[in-house]
Amino acid sequence: MDDPKPSLAMGVARGAAFCYRGFFIVEHRPMEHAMPNSKEIVAKSHNPVPQGYVLGAGEGEHLIHFRDGGNIFIKADPITGSNNFGLGIQQLPKGSGIPVHRHLDRDEAFYVLEGSGTVTLNDVRHSCERGGTIFIPPNTWHGFSSPDQELVLLWIMVPPGLDGFFRETCSRPGEPRKELTREQINAIALKYGQEFR
């Protein structure tokens with residue numbers, strides 16, 4: 001039997017895809033081709049697109065929510081190298097919440113890191129507490145309330161978009177909160193496929 005390595009290398013170099021001994025071989029594409037907007041990411045982050053990274057509990061892009069003053073930490077998104085999802089942590093101070101809204105074309109999930117509260121999915125209220133998971137498919141009206149204690153949520157959105165909404169509506173620590181009208185918030189939300197009731 002001939003040595004398959006030369007033909008394998010030539011096939012991949014020409015961009016071929018084929019099956020060899022039960023293994024499907026496809027073209028290897030360098031990072032700049034796999035992520036078409038990597039130059040934009042590099043320009044925004046001023047760092048090369050990472051091959052992966054590790055963030056500590058208090059690390060990530062820190063923002064202060066415009067409505068309730070809660071902390072938001074964006075952990076992964078297109079600016080940090082993830083074109084496929086956004087991930088972050090949002091703190092809802094005691095007595096606050098997230099108004100009912102929906103994401104038109106995005107899946108969202110939450111994991112409750114701390115506290116307890118209520119999540120509303122399509123007008124049905126559910127309790128949520130530490131260790132709980134909430135999955136929200138596109139076009140599902142949802143919101144949160146934390147009337148009795150702080151609620152800390154890990155969120156993930158596919159494709160990303162929540163990160164951009166937060167950047168446009170929230171402030172960095174030490175900066176004054178952005179004073180936005182309901183109409184301005186709704187216009188920003190629509191840019192990221194989000195709609196408030």
Side-chain angles (χ1 to χ4, degrees), residues 37 40-41 43-46 55 58-123 125 128 134-197:
N37 61 350
E40 178 183 341
I41 293 169
K44 286 182 181 177
S45 67
H46 304 292
L55 294 176
E59 295 181 312
E61 184 178 351
H62 186 190
L63 299 170
I64 305 298
H65 200 279
F66 66 95
R67 189 174 34 256
D68 58 29
N71 291 298
I72 295 170
F73 290 91
I74 299 173
K75 301 284 191 171
D77 70 328
I79 289 178
T80 60
S82 170
N83 285 338
N84 300 313
F85 71 92
L87 174 79
I89 295 173
Q90 182 171 358
Q91 171 202 31
L92 300 176
K94 178 181 174 179
S96 69
I98 300 173
V100 174
H101 65 286
R102 67 181 175 176
H103 304 283
L104 304 176
D105 59 354
R106 291 167 168 83
D107 285 325
E108 186 173 31
F110 291 91
Y111 179 79
V112 181
L113 295 171
E114 296 291 335
S116 64
T118 303
V119 59
T120 302
L121 296 174
N122 287 325
D123 299 322
R125 294 170 54 91
C128 61
I134 301 107
F135 170 67
I136 303 163
N139 286 311
T140 301
W141 292 103
H142 61 284
F144 286 86
S145 63
S146 56
D148 302 320
Q149 59 182 287
E150 174 184 273
L151 184 61
V152 181
L153 303 167
L154 173 73
W155 53 263
I156 184 166
M157 180 169 278
V158 177
L162 193 54
D163 50 302
F165 173 76
F166 283 148
R167 283 192 183 94
E168 287 199 44
T169 59
C170 301
S171 305
R172 300 195 183 291
E175 294 178 357
R177 280 195 210 169
K178 295 179 181 176
E179 300 293 328
L180 300 168
T181 66
R182 183 176 174 92
E183 292 76 25
Q184 289 171 316
I185 292 166
N186 288 338
I188 294 167
L190 282 173
K191 284 172 52 177
Y192 299 101
Q194 182 173 329
E195 180 180 35
F196 287 94
R197 267 199 180 152

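Just so we're clear, the structure is a prediction, and the values are computed from it rather than from any experiment.
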To the nearest 0.5 Å, atom OG1 of T140 lies from atom CG of L104 at 11.0 Å
Scan for salt bridge (charged side-chain N to carboxylate O under 4.0 Å, His left out) pairs involving residues 144-163, sequence neighbours excluded, and state none if there are none.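 Applying salt bridge (charged side-chain N to carboxylate O under 4.0 Å, His left out) to every pair that reaches into residues 144-163, excluding sequence neighbours, yields D163-R167.
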Taking K75 for the side chain and E59 for the main chain, is one N or O donor matched with an acceptor at less than 3.5 Å? yes
Going by the rule salt bridge (Lys or Arg N to Asp or Glu O under 4.0 Å), which residues pair with R197 if we only count those two or more places apart in sequence or in a different chain?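 Counting only residues at least two positions away or on another chain, R197 forms a salt bridge (Lys or Arg N to Asp or Glu O under 4.0 Å) with D123.
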With sequence neighbours left out, what residues match D105 under salt bridge (Lys or Arg N to Asp or Glu O under 4.0 Å)?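 Result, salt bridge (Lys or Arg N to Asp or Glu O under 4.0 Å) vs D105: none returned.
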Heavy-atom pair of closest approach, residues G86 and P160: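 Heavy atoms of G86 and P160 come nearest at N-CB, 3.7 Å.
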Closest non-hydrogen atoms of G60 and L55, given as atom of the first, atom of the second and distance, are CA-CD1, 4.1 Å
By side-chain contact (heavy atoms from CB on, under 4.5 Å) - contacts of [X] (at least two apart):
X	result
R106	H103, M157, P159
P138	D107
P173	H62, I64

Are more than 12 heavy atoms, taken from residues, nucleotides or ligands other than E175, located less than 6.0 Å from that residue's CD atom?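 Count over threshold, so yes.
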Fit a plane to each ring of F196 and H101, take the angle between them on a 0 to 90° scale, and name the class: parallel (under 30°), tilted (30 to 60°) or perpendicular (over 60°).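 Rings of F196 and H101: tilted, as their planes differ by 30° to 60°.
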Looking at K178 and E168, is there a salt bridge between them, counting it only when a charged N and a carboxylate O are closer than 4.0 Å?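 No.
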